[in-house]
Amino acid sequence: MIVRDYGNGIKIEDVTDFHVDHIFDCGQCFRWEKNEDGSYSGIAYGRAVTVAYDDARHILQIDHASAKDFELIWKHYFDLERDYGAIKEQLAADDPVMRRAIASGSGIRILNQEKWETLVSFIISQNNNIPRIKKCIASLAEQLGESAGLYRGRMWYSLPSPEVLAKATLADLAPCRLGYRAKYLLEAARQVVAEGKEHLETLGEPGFSTEEVLEQLRSYCGVGPKVASCIALFSMGRIDSFPIDTWVKKVMSQMYGIREHDVQAMAAYAAQHFGEYGGIAQQYLFYEITHQKPVDK
DNA sequence: GCCCAGGAGAAGG
DNA sequence: CCTTCTCATGGG
């Protein structure tokens with residue numbers, strides 16, 4: 001992987017299977033905003049950057065980042081060492097439904113996000129819609145988070161740490177408009193602090209089965225089967241984890257003929273047909289159904 | 001007013 | 001073990 005430093009950012013050559021719209025608008029992350037030129041600016045691991053991709057030249061540009069940070073953070077964050085071409089080929093074989101879904105979101109990459117941030121984000125996500133989830137998380141960062149400095153003419157904030165959130169009160173969270181999820185969040189933060197932050201980090205390491213990881217995650221208040229699957233998938237590299245939400249239920253019933261509320265059957269179908277790539281398959285399906293144009297008659 | 005959103009916890013069988 | 005009810009909030 002060739003990385004060139006241009007002073008205030010870096011360019012990476014020969015990046016394929018990458019599209020910023022697919023990556024940042026497939027529901028896996030909530031802290032990236034699209035700029036007028038099509039690039040996205042956001043914050044992760046305490047760094048505010050801007051990401052653009054040249055589809056013709058296969059060049060990924062990360063502004064406000066160093067080559068050192070690329071090796072340390074961004075290479076892994078964007079999952080650049082995984083061969084998505086081969087995975088897409090395998091998933092599409094003998095599955096016309098998946099082939100069409102992959103065509104719509106061909107540049108998706110499963111991000112490796114911060115575990116704590118992902119836990120917080122998906123507790124907030126429950127029974128909520130994506131625009132409002134983004135507002136809640138941005139508000140939480142601005143109210144209680146840490147400053148990551150000035151960039152592109154404004155201040156950027158990380159989410160509050162577990163320690164800060166564990167000491168916060170419902171009144172502190174009131175401006176964020178989290179609704180009934182606020183008390184879940186405080187409860188989860190207190191558990192993370194009580195057991196030590198390392199525990200959450202350790203969960204991401206190999207050695208545990210995905211089922212063990214999901215079970216551990218479900219011990220946090222506000223984390224059930226679906227939210228646990230998202231945390232495992234989007235921050236712990238468990239790409240076999242298959243989150244089943246209302247949208248996936250729609251896809252699975254419409255396209256694969258499984259009864260609308262039969263979550264068990266959907267999980268079984270995913271395990272059998274998508275296997276170790278269930279989470280990636282799920283993202284293609286999710287992207288397609290959440291971006292399909294309404295049919296006008 | 002209704003229904004819905006990347007659901008989960010609590011209560012009641 | 002299972003099913004049903006409830007939980008804030010804002011947009012359509």
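Below, read A as the first sequence line, B as the second, and so on, with proteins coming before strands; counting in each chain starts at 1. What you see is a predicted model, and the numbers here were worked out from it, not measured in a lab. Side chains are part of it too, since the values below use all heavy atoms of this structure and drop only hydrogens, waters and symmetry mates.
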Seminar exercise, completed: Heavy-atom contacts, protein to nucleotides 5-12 of chain C, under 4.0 Å, summarised as B (base), S (sugar-phosphate only) or - (none) per nt, yield --BBBBS-
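- Classification of the A:F18-A:Y53 ring pair by plane angle, with boundaries at 30° and 60°, yields tilted.
- Of all the heavy atoms in A:L214 and A:A232, the pair that sits closest is CD2-CB, 3.8 Å.
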Exercise. Please walk me through it: do A:F122 and A:Y220 pass ring-ring contact (aromatic ring centres under 6.0 Å, His included)?
Worked result: CA-CA 12 Å; A:F122 282 91; A:Y220 294 103; over 10 Å; no
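- Of all nucleotides in DNA chain B, those with any atom nearer than 4.0 Å to a heavy atom of chain A start and finish, going 5' to 3', at B:dA5 to B:dG9.
- Nearest-nucleotide positions on DNA chain B for A:G222 and A:Q282 put A:Q282 closer to the 5' end.
- Between the side chain of A:Q126 and the backbone N or O of A:V227, no donor-acceptor pair lies under 3.5 Å.
- Relative orientation of the A:W74 and A:Y77 rings is perpendicular, given thresholds of 30° and 60° on the angle between their planes.
- Only the P atoms considered, C:dG12 is 13 Å distant from B:dG6, to the nearest whole Å.
- B:dA8 and C:dG10 have their P atoms separated by 22 Å, given to the nearest Å.
- Side chain of A:W156 to backbone of A:Y151: a donor-acceptor contact under 3.5 angstrom is found.
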For this session: Test A:H22 against A:Y287 for ring-ring contact (aromatic ring centres under 6.0 Å, His included), laying out the working first.
Result: CA-CA 7 Å; A:H22 300 167; A:Y287 187 86; 5.0 Å; yes
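- The aromatic rings of A:Y256 and A:F274 stand perpendicular to each other, their planes meeting at an angle above 60°, with 30° marking the opposite boundary.
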